[in-house]
> 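Provided herewith is a single structure, encoded as structure tokens, for subsequent inquiry.
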Amino acid sequence: MTTAETQPAVLRRATLGGALAAVLVAGAVAPAQALDVPPRPEVGAVQDQADLLTDGQEEQLNRLIGEKNDENEYIRAAVLSVNDTQGENIEDYSRKVATDWGVGDDGRNNGVLIVADMGERELRIEVGDGAREVLSDSDAENIMENQLEPGFKDGDYADAFTKTVTKVYDEADPQAAADRAAKGRAVATVILSIVGVVVLGVLVLVWRCRRSTRQIMDQAKREIEQYEREHPGEGISTSMRRAYLKYRLQNPKAPGLNDDPVRRTDKDGIERDVHYAPTFQSWLPLYAVSPSLYSGGVVNASSSSSGGSGGTSSFGGGGGFTRGGASGSF
């Protein structure tokens with residue numbers, strides 16, 4: 001039987017128990033703090049929150065990415081440096097930022113986000129599913145080990161980002177993409193083949209395909225060399241060579257008389273006819289007037305030039321970031 005003396009103690013214990021339960025319940029139902037995603041760059045494709053780069057270095061890196069975007073439709077890269085990832089592991093953090101920023105082109109998922117976390121000294125190359133067709137996880141690991149990690153270990157951050165961005169785009173050049181596609185078709189067909197004659201036939205077809213690609217590339221290079229011999233005073237830049245090789249690979253022959261004209265949207269959002277150029281000399285003036293239309297890639301209005309980036313934007317509503325890429329540390 002509870003006495004008058006013991007009632008206050010019982011009430012105190014009940015009150016303390018109820019308060020503790022309320023605290024536990026409140027903790028259980030409290031929502032997790034949402035990730036504060038860094039703002040997407042207003043100009044260019046570099047967000048240097050950790051202040052690793054000078055203004056000049058950041059401008060040069062933005063210009064490099066813009067130029068590479070103009071030359072190469074397979075990759076759209078962006079760079080982010082932070083002092084911490086707000087408790088997230090770098091893989092999850094990079095994936096959320098890349099998705100929120102929309103790195104890459106809509107529907108193509110060709111984005112690549114290069115991230116440096118200075119707090120935990122961790123690095124990440126996050127690769128979208130579409131970009132993985134030309135930049136495999138193994139490729140990303142090699143770039144991490146050979147370009148990104150060494151530069152950060154030496155404290156040369158600008159050089160590390162520059163070499164990493166350059167290598168990422170170089171892995172997706174037209175010839176490399178064509179070779180990988182041909183190799184992939186050969187491997188897939190061989191696996192499905194159960195008869196030696198079929199395997200041999202497939203290898204012959206692949207060889208012919210690769211020979212055709214090589215012939216197109218060789219012919220394009222001969223056209224450039226002939227032009228240089230005939231016009232010794234005109235310098236042909238590396239970016240122009242790459243643009244023409246890419247254009248020729250994607251336009252190996254003239255359209256038929258009954259084919260509809262190809263129309264593409266230029267950087268100003270204006271839809272224009274794209275004329276067929278049978279030789280380098282006939283292609284050059286077209287490229288000089290509109291590089292984006294005659295470098296082989298399709299440029300849509302959302303991929304327009306941004307401020308000082310000097311080229312096509314890396315932010316076109318891309319997605320498809322499903323843990324592809326590579327992580328490292330320094």
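What's counted below: heavy atoms across the whole structure, side chains too, no hydrogens, waters or symmetry copies. These numbers come from a predicted model, not from an experiment.
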> Which atom pair, heavy atoms only, marks the closest approach of Gln49 to Pro39?
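Heavy-atom minimum between the residues: NE2-CD, 3.6 Å.
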> Report yes or no: do Glu91 and Ser327 form a side-chain donor-acceptor pair below 3.5 Å?
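There is such a pair between these side chains.
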> Compare all side-chain heavy atoms of Glu120 with those of Ile90 and state whether any distance is below 4.5 angstrom.
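Result no, sub-4.5 Å side-chain heavy-atom pair not found.
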> Quick one: does Asp105's side chain have a donor or acceptor within less than 3.5 Å of a partner on Arg108's backbone?
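Answer holds: no.
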> May I ask you to decide whether Arg63 forms a salt bridge with Glu59, counting only side-chain N to carboxylate O separations under 4.0 Å?
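A salt bridge is present here (some side-chain N lies under 4.0 Å from a carboxylate O).
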> With a 4.5 Å heavy-atom cut-off, do Val168 and Leu135 have their side chains touching?
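The answer is yes; the side chains approach within 4.5 Å.
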> What residues, two or more places apart in sequence or in another chain, satisfy side chain to side chain donor-acceptor pair (under 3.5 Å) together with Asn109?
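Not a single residue meets the side chain to side chain donor-acceptor pair (under 3.5 Å) criterion with Asn109.
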> Pairs in or reaching into residues 216-240: which pass ring-ring contact (aromatic ring centres under 6.0 Å, His included), with residues at least two apart or in two chains?
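Qualifying pairs: Tyr227-His231, Tyr227-Phe280.
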> Is there side-chain contact between Ser329 and Arg121, with heavy atoms separated by less than 4.5 Å?
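Heavy-atom side-chain distance check fails, nothing below 4.5 Å.
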> Taking the side chain as every heavy atom from C-beta outward, state whether Arg40 and Gln47 have any atom pair closer than 4.5 Å.
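A side-chain contact under 4.5 Å is absent here.
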> For the pair Lys221 and Leu245, evaluate side chain to side chain contact (heavy atoms under 4.5 Å, CB included) and give the outcome as yes or no after the intermediate values.
CA-CA 8 Å; Lys221 291 175 182 177; Leu245 294 178; 4.1 Å; yes
> Atom CG of residue position Asp218 - does it have more than 12 heavy atoms of other residues, nucleotides or ligands inside 6.0 Å?
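Atom CG in Asp218 is packed in, count exceeds 12.
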> Between Gln57 and Thr54 (side chain of the first, backbone of the second, donor and acceptor by atom type, cut-off under 3.5 Å), is there such a pair?
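Judged by distance alone, yes, a pair lies under 3.5 Å.
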> Taking salt bridge (charged side-chain N to carboxylate O under 4.0 Å, His left out) as the test, write out the residues that go with Lys96, two or more places apart.
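For Lys96, the residues satisfying salt bridge (charged side-chain N to carboxylate O under 4.0 Å, His left out) (neighbours in sequence not counted) are Glu88.
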> Would Arg242 and Asp170 count as a side chain to side chain contact (heavy atoms under 4.5 Å, CB included) if you check the C-alpha gap in whole Å, the side-chain angles of each, and the deciding distance to 0.1 Å?
CA-CA 11 Å; Arg242 289 170 62 99; Asp170 285 349; 3.9 Å; yes
> Side chains of Tyr74 and Glu133: is there a donor and an acceptor less than 3.5 Å apart?
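The criterion, which ignores hydrogens and geometry beyond distance, is not satisfied for Glu133 and Tyr74.
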> So that I can tick it off, tell me whether Glu171 and Lys167 are bridged by a salt bridge, with the cut-off set at under 4.0 angstrom between side-chain N and carboxylate O.
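The answer is yes: the pair qualifies as a salt bridge.
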> According to salt bridge (charged side-chain N to carboxylate O under 4.0 Å, His left out), who are the partners of Glu228, at least two apart in sequence or on a separate chain?
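If we apply the salt bridge (charged side-chain N to carboxylate O under 4.0 Å, His left out) test to Glu228, skipping adjacent residues, the hits are Arg241.
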> So, Gln215 and Gln219: side-chain donor and acceptor under 3.5 Å apart, yes or no?
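Looking only at side-chain atoms, Gln219 and Gln215 do not form any donor-acceptor pair under 3.5 Å.
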> If only atom types and distance count, is the side chain of Trp101 paired as donor or acceptor with the main-chain N or O of Pro38 below 3.5 Å?
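Here the side-chain-to-backbone pair exists.
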> If you look at every heavy atom in Ala50 and Asn83, which pair is closest and at what distance?
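Scanning both residues, the minimum pair turns out to be CB-OD1, 3.6 Å.
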> Which heavy atom of Arg124 sits nearest to which heavy atom of Ser94, and what is that distance?
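Closest approach of Arg124 to Ser94, heavy atoms only: CG-OG, 3.3 Å.
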> Minimum heavy-atom separation for Pro278 and Tyr244, please, with both atom names.
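It is O-OH, 4.3 Å.
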> Could you please spell out the steps behind the side-chain hydrogen bond (donor to acceptor under 3.5 Å, both in side chains) verdict for Ser138 and Ser136?
CA-CA 5 Å; Ser138 177; Ser136 67; 4.8 Å; no
> Does a donor on one side chain sit under 3.5 Å from an acceptor on the other, for Asn69 and Ser314?
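Yes, Ser314 and Asn69 have a side-chain donor paired with an acceptor closer than 3.5 Å.
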> Give every residue pair that meets the ring-ring contact (aromatic ring centres under 6.0 Å, His included) criterion with at least one member in residues 114-159, sequence neighbours excluded.
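Only Phe152-Tyr157, Phe152-Phe161, Phe152-Phe330 qualify under ring-ring contact (aromatic ring centres under 6.0 Å, His included).
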> Contact between Val46 and Asn62 at the side-chain level, heavy atoms closer than 4.5 Å - yes or no?
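Sidechains of Asn62 and Val46: in contact.
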> Under the ring-ring contact (aromatic ring centres under 6.0 Å, His included) definition, can you give me all pairs with a residue in residues 118-144, not counting sequence neighbours?
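As it turns out, there is no ring-ring contact (aromatic ring centres under 6.0 Å, His included) pair with a partner in residues 118-144 once direct neighbours are skipped.
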> Indicate the atoms forming the closest heavy-atom contact of Gly151 with Ala160, along with that distance.
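Smallest interatomic distance, heavy atoms only, reads CA-CB, 3.7 Å.
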> Under 3.5 Å, side chain of Asn72 to main-chain N/O of Lys68, donor-acceptor pair present?
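Absent.
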> Would you say the side-chain atoms of Asn89 and Asp92 include a donor-acceptor pair closer than 3.5 Å?
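Their side chains do contain a donor-acceptor pair, which is all the 3.5 Å distance test asks for.
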> Indicate yes or no: at least one non-hydrogen side-chain atom of Leu52 is less than 4.5 angstrom from one of Ser81.
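Yes, close enough: below the 4.5 Å cut-off.
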> Under 3.5 Å, is there a donor-acceptor pair between the side chain of Tyr169 and the main chain of Ala77?
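It does hold such a pair.
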> Could you tell me whether the side chain of Asp117 and the main chain of Leu123 form a donor-acceptor pair under 3.5 Å?
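Not a single qualifying donor-acceptor pair exists.
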> Please confirm whether the backbone N or O of Asp48 pairs with a side-chain atom of Glu58, one donor and one acceptor, at under 3.5 Å?
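Answer holds: no.
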> Could you check Val103 against Val112 for side chain to side chain contact (heavy atoms under 4.5 Å, CB included), going step by step and ending with a plain yes or no?
CA-CA 7 Å; Val103 183; Val112 174; 5.9 Å; no
> With a 3.5 Å distance limit and no angle check, can you tell me whether Asp137 reaches the backbone of Gly324 through a side-chain donor-acceptor pair?
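Such a contact is absent between Asp137 side chain and Gly324 backbone.
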> Please tell me if the side chains of Val115 and Val97 come closer than 4.5 Å, counting only heavy atoms from C-beta onward.
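No, their side chains stay 4.5 Å or more apart.
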> Minimum heavy-atom separation for Met144 to Ala326, with atom names?
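Scanning both residues completely, I find the closest heavy atoms to be CE-O, 3.4 Å.
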> Report the C-alpha separation of Ile143 and Leu148 in whole Å, then their side-chain angles, then the decisive distance to 0.1 Å, and conclude whether the side chain to side chain contact (heavy atoms under 4.5 Å, CB included) test is met.
CA-CA 7 Å; Ile143 296 173; Leu148 194 55; 5.5 Å; no
